[in-house]
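Throughout, residue positions are numbered sequentially from 1 according to the sequence presented. Model, not experiment: these values are computed from the prediction.
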Amino acid sequence: MGSSDSKVHFRKAVVQLASTTQPVEASDDVFWEQFWARPSTSIRDVFALVPAAEVRALREESPSNLATLCYKAVERLSLAAHAGCPSERERAAALNCARLLTRLLPFIYEDADWRGFFWAGPVAALKQVGRAPNRRAFTPALTFVHPQHDGDDDWDGGRPLGQSLLLVVADLLFCPHLTVRGLGDGDGGGREAGAEAVDSCELIWEAGVGFAPSPALNSSHDSNRTELLKLLLTCFSEVLYLWPAQSQRNPWVLFFCSAANRHALPLFTSLLNVVCAYDPSGRGFPYGHLLFWDRRLVLVEQALQVLVVALEKPGPPEAQPEPDSDSGQDRNQFVDFLSRIHREEDLSFVLRGVIRLLNNPLAQTYLPNSGRKIGFHRELLVLFWKICHFNKKFLFLVLKSSHVLDVVVPVLFFLHEARSDPAAVGLVHTGVAILLLLSGERNFGVRLNKPFTLRVPMDVPVFNGTHADLLVVIFHRMMTGGGHGRLRPLFDCLLTVVVNVSPYLKSLSMVSSDKLLHLVEVFSQPRFLFSAPQNHQLVFFLLEAFNNMVQYQFDGNSNLVYSLIRQRNLFYRLANTPTDAASLGQALLRQEKKRRECEPAPTGPPSAIQTGRDIWEPPRTPDGGPGVGGVIGSESGRERERQDTPPESRAGSSSPWTATPDWALCWKSKLPLQTIMRLLQVLVPQVEKICIDKALTDEREILSFLRHGTLVGLLPVPHPILIRKSQVNGATASWFRTYAWGVVYLRHLDPAIWYDTDIRLFEIQKM
């Protein structure tokens with residue numbers, strides 16, 4: 001009965017506030033307390049009792065009331081933090097304010113006139129939304145929210161409301177009894193204090209990096225932390241309502257992760273430790289996840305998402321209020337803390353945690369579905385990429401042992417599972433970016449020679465080989481398996497990974513060798529070669545990989561050499577590719593006919609993010625190459641123009657490209673065929689002779705002959721090994737920012753925080 005009454009009172013207050021055009025005085029505490037004094041109002045209740053239409057009506061018809069509501073909610077949060085939330089009533093009021101602000105903020109962000117409200121003083125904020133300031137209405141709230149307010153005529157001074165909100169949320173995340181243990185718990189002291197008096201470095205949520213004690217699990221604290229992190233993530237989400245070109249600098253993230261937040265270090269450590277210490281297996285009981293609600297899992301997901309969106313360096317300044325650079329607020333301390341982790345035990349803790357979580361979806365047991373499967377692997381992959389990017393000691397630790405394979409296998413698993421799903425193209429880009437980053441180091445290629453003996457749930461051809469064979473087999477399927485057609489921009493990156501590791505691959509299996517030769521067959525078809533200006537580069541990559549393995553690892557690669565001999569006509573045909581105008585025209589006609597016959601209509605899953613090029617595909621280099629990894633360059637002028645222009649105003653004005661004989665002759669003359677042609681010239685007659693002399697019908701004897709042969713002194717001088725390292729630029733960071741927010745958007749469905757609001761960062765496809 002009490003729960004029903006509280007919802008009725010809350011609903012009446014919402015209706016009253018939205019239906020009146022007269023300002024409600026901020027001093028009317030009886031009225032405002034109706035919004036947060038009810039202990040039984042959950043976040044789902046708030047979203048149900050505050051409809052989107054009424055929030056927008058309040059924003060348009062009674063902007064001063066919406067402004068006062070925001071100020072009063074932040075004021076109530078501040079009072080709770082100052083008191084230390086000693087009672088259940090105080091804790092309920094703080095959480096209800098957090099839930100209400102989580103509901104309101106997206107509708108404030110979607111209106112350009114309101115977007116600066118939280119970063120201006122009261123006078124400027126009200127003028128911005130079209131209402132004259134009411135000093136008498138705001139003075140009570142300002143007295144607490146803005147400690148610098150002294151009540152004189154210059155009452156627009158002090159801290160912006162957005163800064164006040166972020167600081168009070170940080171205080172509440174280490175508030176005794178609400179999110180951490182009481183200060184007197186366990187020591188008999190019974191001490192009580194407000195959140196601002198707490199030394200949060202002693203109250204880090206989980207043991208791990210820089211913190212040894214392991215606090216006892218408290219489901220109530222975990223639940224309250226989750227609610228506050230949800231509000232924090234909503235504060236950061238202003239970027240969702242900006243065009244990609246406008247989203248380079250997020251004032252919410254910059255201020256929260258700056259030196260102005262005294263809890264920055266313990267909060268970063270808490271988030272990282274909570275994620276990396278989590279074990280989905282729990283106590284190891286089969287089907288335990290079906291019997292018990294795991295509040296720690298919900299907290300881990302929320303902590304991971306906050307980390308992913310907060311770990312970014314500031315972009316170029318935008319025409320909007322900025323934090324004070326004199327106080328060090330122009331630096332992201334989360335990034336600084338992450339980059340400075342150096343103790344091997346701390347780095348190993350992070351790596352073990354990431355590996356444990358990445359491999360969770362691959363775990364198989366005798367009892368079907370008896371273990372918990374996590375669903376946040378997309379965010380986890382982005383976090384791993386960022387840690388490797390910001391902390392080179394961590395990257396070195398990953399690569400110096402076989403632990404790198406514990407990362408490679410789940411990444412390949414995710415790539416294989418997502419290759420044909422249009423809604424998962426961002427996941428594929430992230431996985432490829434990770435492999436490209438790792439492949440830039442020699443140790444990665446060396447580690448791939450370890451035999452692959454795991455049994456993972458992947459439908460791939462059976463082979464007896466190494467992790468390198470697994471990589472080649474999955475890459476081949478991604479490039480030839482049909483799928484949804486959106487992986488084409490990644491072919492360069494996939495083959496760049498193969499080229500980077502090829503000098504160190506000691507023994508490819510027959511299966512993977514044949515897959516590489518099949519790629520040559522596919523990409524050397526005239527209709528493919530002549531259909532785009534950069535398609536021939538795929539053939540160059542494959543030839544370079546063959547040259548590396550033949551020149552540097554000939555002794556162990558008899559399977560590859562045998563495949564080259566069997567498929568020698570591919571190279572003869574490639575060397576004789578016609579480049580006259582008539583042949584080019586015929587190839588283009590065949591390509592157009594095939595495209596019209598085979599191109600499927602665009603499809604997508606319900607409520608999925610539209611995976612158009614402007615959003616999910618990586619930025620492109622000026623020569624058309626992909627912009628994730630070693631072949632990264634700055635995005636072209638045309639691409640920058642596309643990103644700066646709203647989608648509805650873009651039009652395809654560029655004329656179609658057409659192959660010419662001069663263009664074809666230019667790249668054909670540079671084909672690196674000398675090594676392979678010399679190999680074929682020497683070995684083909686020998687193999688044919690031994691087959692005739694011994695009447696061989698078993699290829700094992702041919703492989704034995706090749707295995708014991710040598711081409712020392714017969715091949716051209718080995719060329720220097722060329723490794724294409726991952727080069728991260730602003731466009732790459734922008735892509736990861738957009739992808740991370742797309743994942744966050746889709747993962748918040750209960751309640752759907754940003755659903756049915758005017759998102760601009762990416763397109764939403766509704767079906």
Quick one: pull up [atom1] in [X] and [atom2] in [Y] and give me the separation to the nearest 0.5 Å.
{"X": "Asp29", "Y": "Ser27", "atom1": "CG", "atom2": "OG", "result": "7.0 Å"}
{"X": "Asn360", "Y": "Lys373", "atom1": "CG", "atom2": "NZ", "result": "5.5 Å"}
{"X": "Leu178", "Y": "Glu88", "atom1": "CG", "atom2": "CD", "result": "9.5 Å"}
{"X": "Leu267", "Y": "Leu203", "atom1": "CG", "atom2": "CG", "result": "12.5 Å"}
{"X": "Cys85", "Y": "Arg91", "atom1": "SG", "atom2": "CZ", "result": "7.0 Å"}
{"X": "Phe334", "Y": "Glu312", "atom1": "CZ", "atom2": "CD", "result": "12.0 Å"}

_Parallel, tilted or perpendicular: ring planes of Phe268 versus Phe337, cut at 30 and 60 degrees_ = tilted

*asked:* Under the criterion side-chain hydrogen bond (donor to acceptor under 3.5 Å, both in side chains), I'd like the reasoning laid out for Trp385 against Thr430: C-alpha separation, chi angles, the key distance, then a yes or no.
replied: CA-CA 8 Å; Trp385 183 87; Thr430 307; over 6 Å; no

*Any chance you could lay out the side-chain contact (heavy atoms from CB on, under 4.5 Å) test for Phe762 and Tyr739, step after step, and finish with the verdict?*
CA-CA 9 Å; Phe762 42 74; Tyr739 174 63; over 6 Å; no

Tell me if a side-chain donor or acceptor on [X] pairs with a main-chain N or O of [Y] at a distance below 3.5 Å.
{"X": "Ser19", "Y": "Gln16", "result": "yes"}
{"X": "Gln34", "Y": "Phe31", "result": "yes"}
{"X": "Trp252", "Y": "Leu166", "result": "no"}
{"X": "Arg760", "Y": "Leu242", "result": "no"}
{"X": "Asn273", "Y": "Glu206", "result": "yes"}
{"X": "Ser62", "Y": "Thr20", "result": "yes"}
{"X": "Ser78", "Y": "Val74", "result": "yes"}
{"X": "Asp758", "Y": "Tyr241", "result": "no"}
{"X": "Thr226", "Y": "Asp222", "result": "yes"}
{"X": "Asp346", "Y": "Ile341", "result": "no"}

Which heavy atom of [X] sits nearest to which heavy atom of [Y], and what is that distance?
{"X": "Leu49", "Y": "Val14", "value": "O-CG1, 3.9 Å"}
{"X": "Leu100", "Y": "Leu69", "value": "CD2-CD1, 3.8 Å"}
{"X": "Leu380", "Y": "Leu304", "value": "N-CD2, 3.8 Å"}
{"X": "Arg356", "Y": "Pro280", "value": "CD-CD, 4.3 Å"}
{"X": "Leu311", "Y": "Val335", "value": "CD2-N, 3.8 Å"}
{"X": "Ile204", "Y": "Pro215", "value": "O-CG, 3.5 Å"}

*Just do the side-chain hydrogen bond (donor to acceptor under 3.5 Å, both in side chains) check on Ser42 and Asp45 with the steps written out, would you?*
CA-CA 5 Å; Ser42 68; Asp45 294 334; 3.1 Å; yes

Are [X] and [Y] side-chain neighbours, meaning at least one heavy-atom pair lies under 4.5 Å?
{"X": "Tyr755", "Y": "His748", "result": "no"}
{"X": "Asp111", "Y": "Glu60", "result": "yes"}
{"X": "Cys175", "Y": "Leu172", "result": "yes"}
{"X": "Val180", "Y": "Asn218", "result": "no"}
{"X": "Pro251", "Y": "Glu238", "result": "yes"}
{"X": "Leu240", "Y": "Thr757", "result": "no"}
{"X": "Thr68", "Y": "Pro23", "result": "no"}
{"X": "Leu271", "Y": "Val274", "result": "no"}

_Steps toward side-chain contact (heavy atoms from CB on, under 4.5 Å) verdict (Phe35, Leu17)_ = CA-CA 11 Å; Phe35 289 99; Leu17 189 66; 3.8 Å; yes

*Quick one: salt bridge (Lys or Arg N to Asp or Glu O under 4.0 Å) partners of Asp336, sequence neighbours excluded?*
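For Asp336, the residues satisfying salt bridge (Lys or Arg N to Asp or Glu O under 4.0 Å) (neighbours in sequence not counted) are Arg331.
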
_Results of salt bridge (Lys or Arg N to Asp or Glu O under 4.0 Å) for Asp28 - residues two or more places apart only_ =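 Asp28 satisfies salt bridge (Lys or Arg N to Asp or Glu O under 4.0 Å) with no residue once adjacent residues are dropped.
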
For [X], enumerate each residue passing the side chain to side chain contact (heavy atoms under 4.5 Å, CB included) test, keeping only those at least two apart in sequence or located in another chain.
{"X": "Arg103", "result": "Val46, Phe47, Val50, Ala52, Phe107"}
{"X": "Asn96", "result": "Trp36, Thr41, Arg99"}
{"X": "Asp756", "result": "Lys766"}
{"X": "Ser200", "result": "Phe174, His263, Pro266"}

*Go through the steps for Phe255 and Asn261 under the test side-chain contact (heavy atoms from CB on, under 4.5 Å), then give the verdict.*
CA-CA 8 Å; Phe255 182 81; Asn261 179 6; 5.9 Å; no

Check this for me, if you would: do [X] and [Y] make a salt bridge, where the nitrogen-to-carboxylate-oxygen distance has to be below 4.0 angstrom?
{"X": "Glu227", "Y": "Lys230", "value": "no"}
{"X": "Lys72", "Y": "Glu33", "value": "no"}
{"X": "Glu301", "Y": "Arg225", "value": "no"}
{"X": "Arg115", "Y": "Glu110", "value": "no"}
{"X": "Glu90", "Y": "Arg76", "value": "yes"}

Check: [X] ring centroid to [Y] ring centroid under 6.0 Å:
{"X": "Trp114", "Y": "Tyr109", "value": "no"}
{"X": "Phe211", "Y": "Trp205", "value": "no"}
{"X": "Phe256", "Y": "Phe236", "value": "yes"}

*Between Val744, Leu746, Ile764, which is the residue that forms a side chain to side chain contact (heavy atoms under 4.5 Å, CB included) with Trp754?*
Val744

_Would Leu101 and Thr234 count as a side-chain contact (heavy atoms from CB on, under 4.5 Å) here? Give the steps._
CA-CA 9 Å; Leu101 287 169; Thr234 308; over 6 Å; no

*asked:* Show, in sequence, the C-alpha distance, side-chain angles and deciding distance for Arg11 and Glu54, and conclude whether the salt bridge (charged side-chain N to carboxylate O under 4.0 Å, His left out) test is met.
replied: CA-CA 11 Å; Arg11 179 62 187 151; Glu54 293 188 10; 2.4 Å; yes

